[in-house]
2 protein chains.
Amino acid sequence: MTIIKAKDILRNYLREKGLRNTRQREVIFDAFFSADKHITVEGLFNFIKRKNPGIGYATVHRNLTLLCQSGLADEIKIGTNKTRYEPKFGREHHDHLICIKCGRFIEVTDGKIERLQDKLAEANEFIPVRHKLEIYGICRDCK
Amino acid sequence: MTIIKAKDILRNYLREKGLRNTRQREVIFDAFFSADKHITVEGLFNFIKRKNPGIGYATVHRNLTLLCQSGLADEIKIGTNKTRYEPKFGREHHDHLICIKCGRFIEVTDGKIERLQDKLAEANEFIPVRHKLEIYGICRDCK
DNA sequence: GTTACTGTTGATAACTGTTATCATTATCTG
DNA sequence: CAGATAATGATAACAGTTATCAACAGTAAC
Ligand SMILES: [Mn+2]
Ligand SMILES: [Mn+2]
Ligand SMILES: [Zn+2]
Ligand SMILES: [Zn+2]
């Protein structure tokens with residue numbers, strides 16, 4: 001199972017960094033991979049609090065940051081809103097269509113666009129490292 | 001001159017909205033169009049303060065918002081940093097290459113990418129309204 | 001299991017950028 | 001000029017994020 005492999009990756013990361021595998025980390029990890037994608041710190045915090053009322057907001061935040069550092073999660077910053085996080089393990093790069101009515105995120109990939117982006121960068125003597133493409137509009141359900 | 005036309009647009013906008021043409025608005029307007037592009041509220045505030053020490057931060061902020069509403073400026077939100085503003089009058093849509101070393105913004109347009117974005121949206125039964133493409137990397141001068 | 005070391009937690013304060021509040025001032029219209 | 005009211009500037013409030021710190025807990029050595 002991919003989630004078990006992901007847990008191994010986290011455990012290895014903790015070991016090689018001299019970090020500890022706490023009860024809270026396990027809880028946050030499991031919750032993150034079972035909750036909705038593109039979740040906020042607040043969202044995950046509330047999700048966890050239902051079964052773990054003692055959890056601290058800062059702990060959730062810190063461990064989402066840790067998951068990003070270990071390569072298991074990605075930060076998504078849309079506009080000026082709260083930072084969102086999505087599982088990354090075993091998933092390819094993708095971009096997002098974002099519905100301005102319901103807030104839904106649709107994940108998309110387009111190899112042609114990716115290649116043209118690289119050409120565009122090259123034409124400007126620019127070495128691309130990462131990119132962000134967000135298309136805002138109205139989703140099928142909101143038309 | 002394009003900046004004079006822009007001033008007319010602002011004056012018309014103020015008139016039709018029942019707003020007033022204050023001394024500060026003139027100062028902020030002139031400063032905005034003569035300062036660097038992609039400037040922050042703080043940047044413009046400091047720029048103006050040199051010759052107009054009495055100017056208020058909130059006034060600069062409010063008037064940048066007003067310029068956006070009148071169609072003369074655009075907001076740019078990059079990552080989690082401060083909002084930036086750029087003059088819009090007489091300029092086409094463009095995207096940005098952003099140097100992660102020096103922070104430089106390179107303005108780019110690519111019609112092919114734009115069209116593929118529309119196709120991508122259509123393929124997802126999504127009506128695109130606006131989009132944001134940011135490519136982060138190393139600029140020529142920072143290689 | 002006990003101990004010692006030190007990373008982690010949870011509560012909360014501090015911080016940052018943005019926006020609201022409000023008394024005072026300035027603009028505009030008649 | 002006078003009256004109505006929009007705008008300003010100082011500052012408070014706000015939201016999201018991050019730092020602080022005393023109490024706690026994971027880990028490894030004994
Ligand atoms: Mn996604
Ligand atoms: Mn630009
Ligand atoms: Zn929708
Ligand atoms: Zn550079």
Side-chain angles (χ1 to χ4, degrees), chain A residues 7 10-29 31-32 38-70 73-85 103, chain B residues 7 10-32 38-49 51-70 73-85 103:
Chain A
K7 195 165 272 191
L10 179 62
R11 293 225 174 94
N12 283 334
Y13 180 82
L14 294 177
R15 198 168 306 126
E16 76 189 20
K17 295 281 178 185
L19 304 176
R20 293 169 183 173
N21 192 18
T22 65
R23 197 165 20 84
Q24 290 91 333
R25 282 220 236 269
E26 293 273 343
V27 169
I28 291 166
F29 176 95
F32 179 60
H38 312 120
I39 200 165
T40 61
V41 178
E42 194 186 16
L44 189 58
F45 173 64
N46 289 327
F47 181 74
I48 293 173
K49 241 191 344 190
R50 297 205 297 252
K51 299 203 167 178
N52 277 74
I55 196 81
Y57 187 92
T59 302
V60 175
H61 183 278
R62 275 187 297 240
N63 280 288
L64 280 171
T65 302
L66 182 83
L67 284 173
C68 291
Q69 286 162 353
S70 75
D74 253 348
E75 263 189 17
I76 308 175
K77 306 208 178 198
I78 299 282
T80 198
N81 301 322
K82 303 184 190 181
T83 304
R84 291 173 179 275
Y85 297 84
Chain B
K7 196 164 272 190
L10 179 63
R11 293 225 174 93
N12 283 334
Y13 181 81
L14 295 176
R15 197 168 307 127
E16 76 189 18
K17 294 280 178 184
L19 304 175
R20 293 169 186 176
N21 191 20
T22 67
R23 199 166 17 85
Q24 290 91 334
R25 281 220 237 269
E26 293 273 343
V27 169
I28 291 166
F29 175 95
D30 291 339
F32 179 61
H38 313 118
I39 200 164
T40 60
V41 178
E42 193 185 16
L44 189 59
F45 173 64
N46 289 328
F47 181 73
I48 293 173
K49 242 193 340 192
K51 298 203 168 179
N52 276 74
I55 197 81
Y57 186 92
T59 303
V60 175
H61 182 279
R62 275 187 296 240
N63 279 287
L64 280 171
T65 302
L66 181 83
L67 283 174
C68 290
Q69 287 162 353
S70 74
D74 253 348
E75 262 189 17
I76 308 176
K77 307 209 177 199
I78 300 283
T80 196
N81 301 319
K82 303 184 189 180
T83 303
R84 292 172 178 276
Y85 296 84

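Here is the naming used below: chain letters follow the sequence lines, and residue numbers restart at 1 for every chain. Every value quoted in this text rests on a predicted model; they were computed, and no experiment measured them.
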Working for side chain to side chain contact (heavy atoms under 4.5 Å, CB included), residues B:Tyr85 and B:His38: CA-CA 5 Å; B:Tyr85 296 84; B:His38 313 118; over 6 Å; no
Closest-nucleotide 5' rank along DNA chain C - winner of B:Arg23 and A:Gly54: A:Gly54
Evaluation steps, side chain to side chain contact (heavy atoms under 4.5 Å, CB included), between B:Lys7 and B:Asp30: CA-CA 9 Å; B:Lys7 196 164 272 190; B:Asp30 291 339; 2.9 Å; yes
Whole angstrom value for the distance that separates P of C:dG17 from CG of B:Asn46: 12 Å
Least distance between heavy atoms, A:Glu26 atom then A:Arg11 atom: OE2-NH2, 2.8 Å
Between C1' of C:dT12 and CD1 of A:Ile55, the distance in whole Å: 16 Å
Of residues 11-21 of chain A, the positions that come close to DNA chain C - non-hydrogen atoms, cut-off under 4.0 Å: A:Gly18, A:Leu19, A:Arg20
Residue B:Ala58, side-chain heavy atoms: nucleotide from D:dA10, C:dT12, C:dT9 that is nearest: D:dA10
Heavy-atom pair with the smallest gap, counting every atom of B:Leu10 and B:Leu67: CD1-CD2, 4.2 Å
Sugar-phosphate, base or nothing in reach of A:Thr83, heavy atoms under 4.0 Å: sugar-phosphate
Minimum heavy-atom distance B:Ala31-B:Ile48, with the two atoms named: CB-CG1, 3.4 Å
Spacing between A:Arg84 atom CZ and D:dG16 atom P, to the nearest angstrom: 11 Å
Protein-nucleotide distance (B:Ile39, atom CD1; C:dG17, atom C1'), rounded to Å: 16 Å
Partner set under side chain to side chain donor-acceptor pair (under 3.5 Å) for A:Arg62, not counting sequence neighbours: A:Thr59
Check: A:Tyr57 and A:Lys49 side chains under 4.5 Å, non-hydrogen atoms: no
B:Gln24 side-chain N/O to D:dA7 phosphate OP1/OP2 under 4.0 Å: no
Separation of C:dG10 C1' from A:Asn52 CG (nearest whole Å): 13 Å
Between P of C:dC28 and CZ of B:Arg25, the distance in whole Å: 9 Å
Distance, rounded to the nearest Å, where A:Asn81 contributes CG and D:dT17 contributes C1': 14 Å
Between P of C:dT19 and OH of B:Tyr57, the distance in whole Å: 10 Å
Any residue of residues 59-69 of chain A with a heavy atom less than 4.0 Å from an atom of DNA chain D: A:His61, A:Arg62
Selected nucleotide, minimal atom distance to A:Thr22 side chain, candidates C:dT27, D:dA19, D:dG26: D:dG26
Closest heavy-atom pair and its distance - A:Gly56, A:Phe45: C-CE1, 3.7 Å
Minimal non-hydrogen separation, A:Leu14 against A:Arg20, with atom names: CD1-O, 3.9 Å
